[in-house]
A.B. asks: 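First, the structure itself, so that you have it in front of you.
Positions are given from 1 along the sequence. Note: hydrogens, waters and symmetry copies are ignored here, and every other heavy atom, side chains too, is used.
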Amino acid sequence: MAVRRRARRAAPWAWSAALFVLYGALSVRRHQLLRTTGYDLGIFEQAVQAYSRLRLPYVPLKGEGGTVNLLGDHFHPILAVLAPLYRVFPAAETLLLAQAALLALAVVPLARWAGRVLGRAALHTVALGYGLSWGIASTVAFDFHEVAFAVPLLAFSLEALGRGRHERAVLLAAPLLLVKEDLGLTLAALGGYLVWRGRRTLGFATLLGGVLGTLVITKLLLPALSPSGTYAYGEYVAEGGRGSLLMTLAAAPLDALRPEVKAVTLVLVFAPTALLALRSPIALLALPTLGWRLLSRHDYHWETAFHYSAVLMPIVFAAAIDALTPYGRFGPFSPDGTKDNPLAARHLRASLATVLAVTLVLLPSFPFGLVLRKDTWRTPGHVHAARALLARIPDGATVAASNRLVPQLVSRTTVVLFPGYPIPGRLYDTDGTPPPPTSEWILHDSRPHPAWPLPDGHWPYPPHRQQEELARAQKTYGYRVVAQDDGITLLRRKGPVARDGAETSIR
């Protein structure tokens, strides 16, 4: 019995270690294949790099010249936790492996909770279901993001909630305010849940703290730290042309489900638990994140790609555990007060089998399917060509590079995006003329890199615009071609940058 207890205690950590290997291998391999991006891995690496040098996170990629404090873009001071690690290992891989560790760590409380109330089979089912869920897969396959910190915080908090340790649950969730500005509303939702459970004093304090924290961050801190003096992303959920806030709120229920991609994503969020999560009030903690995403004016928030669903995965699996708890054969909450209820046992087994089946059905359609693709483990000639040209840029240089080449340079150069983006003062504007390059080097890749399951393509400008800016750099701003290979062009400028269309001589 002692051996079995030790094995059960060790099992969640064994799952965590295995998932870390999976997440780390896939994300690092993507980086080696030039599938990571300046927007966003490069941005976060520049921020952590600044913290590691005991500086505020002024990020050249968000504004050439390092004039943009990233804390005025999104509020994520928790990134400073990575500074000591980055100081020792200054590389993009440090952030990717840190994210892998954070996402893998979240399986420990979820699997431990499931094993305690539902038995060994549930422990392994929840570990596999969460570990291979599409929300986590999409996060692993898209660079690094601050929300990785929120995933284990939520998982440990919800485990404490399931054990009736409400104060501990609040303490573990409180740091969400330091992860990203919208997560204060998730903290507020936790407070609302506690009020519903009868913990009114603690619940109202948590709810009020979450709401006030969000208001202070979005109305005071972010505008104060932003060069524009505003919260740049406040326009995500706006009146949307309905004429008034009242009309916007009245239409919100329908707007949250139109177009149909929103409804598909909504179903897929709960699908990894075979919709069992919908039977628990814990699922209501997903509403703040789902709310701003589905009401957003930007279509990429409505989809299953990117990192936006990561914080939802621990919530839906915690809700599923809570929903199944009364049916646990070995748990203290069986419907008739005993620990031997065949009907409950059959229901539990069927539920766990369904969760496993859904996990396996969804797996090939999302990024963990990359593990089974041959091209993931082969290095194409294009990558070799890019690495040869990257090696010609000296350490400490200033560089403007294509989006998927930027993360290869952040740790040893000062790098910005080429062509320049965003247009100063106009978020997501790709119609105007990009700002002129001022870096000594330009490294441009004309070929789109594979980005499955996302479509291949150029970002942020279409191919013809990028070629126009490359030609303009040579004709107007005095850059000369140093080398070309397989669609990649390396240019260099000597002397001061050209202004007002004047050609700059090469010294």
A.B. asks: Is the side chain of Arg30 donor-acceptor paired with the backbone N or O of Ala141 at a distance under 3.5 Å, no angle test?
C.D. replies: yes
A.B. asks: Distance-only, no hydrogens or angles: does the Ser16 side chain make a donor-acceptor pair with backbone N or O of Ala104 under 3.5 Å?
C.D. replies: yes
A.B. asks: I need the minimum non-hydrogen distance between Pro152 and Leu105, along with the two atoms involved.
C.D. replies: CB-CD2, 4.2 Å
A.B. asks: Do any side-chain atoms of residues 126-137 form donor-acceptor pairs under 3.5 angstrom with protein atoms, and if so which ones, sequence neighbours left out?
C.D. replies:
from, atom 1, to, atom 2, distance (Å)
Tyr130, OH, Leu103, O, 2.7
Ser133, OG, Tyr130, O, 2.7
Trp134, NE1, Leu268, O, 2.7

A.B. asks: Can you tell me how the ring of Tyr308 sits relative to the ring of Phe306, calling it parallel under 30°, perpendicular over 60° and tilted otherwise?
C.D. replies: perpendicular
A.B. asks: Tell me whether Ser309 contacts the main-chain N or O of Leu312 through its side chain, where contact means a donor paired with an acceptor under 3.5 Å.
C.D. replies: no
A.B. asks: For the residue pair Ser296 and His301, confirm or rule out a side-chain donor-acceptor distance under 3.5 Å.
C.D. replies: yes
A.B. asks: Looking at Arg404 and Thr37, would you say the former's side chain and the latter's main chain have a donor-acceptor pair under 3.5 Å?
C.D. replies: no
A.B. asks: Quick check: closest heavy atoms across Leu158 and Ala318, and the distance to 0.1 Å?
C.D. replies: CD1-CB, 3.6 Å
A.B. asks: Between the side chain of Lys262 and the main-chain N/O of Leu294, is any donor-acceptor distance below 3.5 Å?
C.D. replies: yes
A.B. asks: Could you tell me the separation between the CD atom of Glu45 and the OH atom of Tyr86, rounded to the nearest 0.5 Å?
C.D. replies: 3.5 Å
A.B. asks: Check the side chains of Asn403 and Trp459 for a donor-acceptor pair under 3.5 angstrom, ignoring hydrogens and angles.
C.D. replies: no
A.B. asks: Could you verify whether a donor N or O on one side chain and an acceptor N or O on the other, from His145 and Gln99, lie under 3.5 Å apart?
C.D. replies: no
A.B. asks: Which residue pairs pass the side-chain hydrogen bond (donor to acceptor under 3.5 Å, both in side chains) test with at least one member in residues 18-29, sequence neighbours excluded?
C.D. replies: Arg29-Gln32, Arg29-Thr379
A.B. asks: With distance as the sole criterion, is a donor-acceptor pair present between the side chains of Thr265 and Arg293 under 3.5 Å?
C.D. replies: no
A.B. asks: Would you call Glu167 and Arg199 a salt bridge, using N to O less than 4.0 angstrom?
C.D. replies: yes
A.B. asks: Are a donor atom and an acceptor atom from the side chains of Asp143 and Thr36 found within less than 3.5 Å of each other?
C.D. replies: no
A.B. asks: Pairing donors with acceptors under 3.5 angstrom, does anything connect the side chains of Arg55 and Tyr51?
C.D. replies: no
A.B. asks: If we ignore angles and hydrogens, is there a donor and acceptor under 3.5 Å between the side chains of Tyr58 and Gln46?
C.D. replies: no
A.B. asks: Who are the side-chain contact (heavy atoms from CB on, under 4.5 Å) partners of Leu221, not counting sequence neighbours?
C.D. replies: Phe75, Val216, Ile217
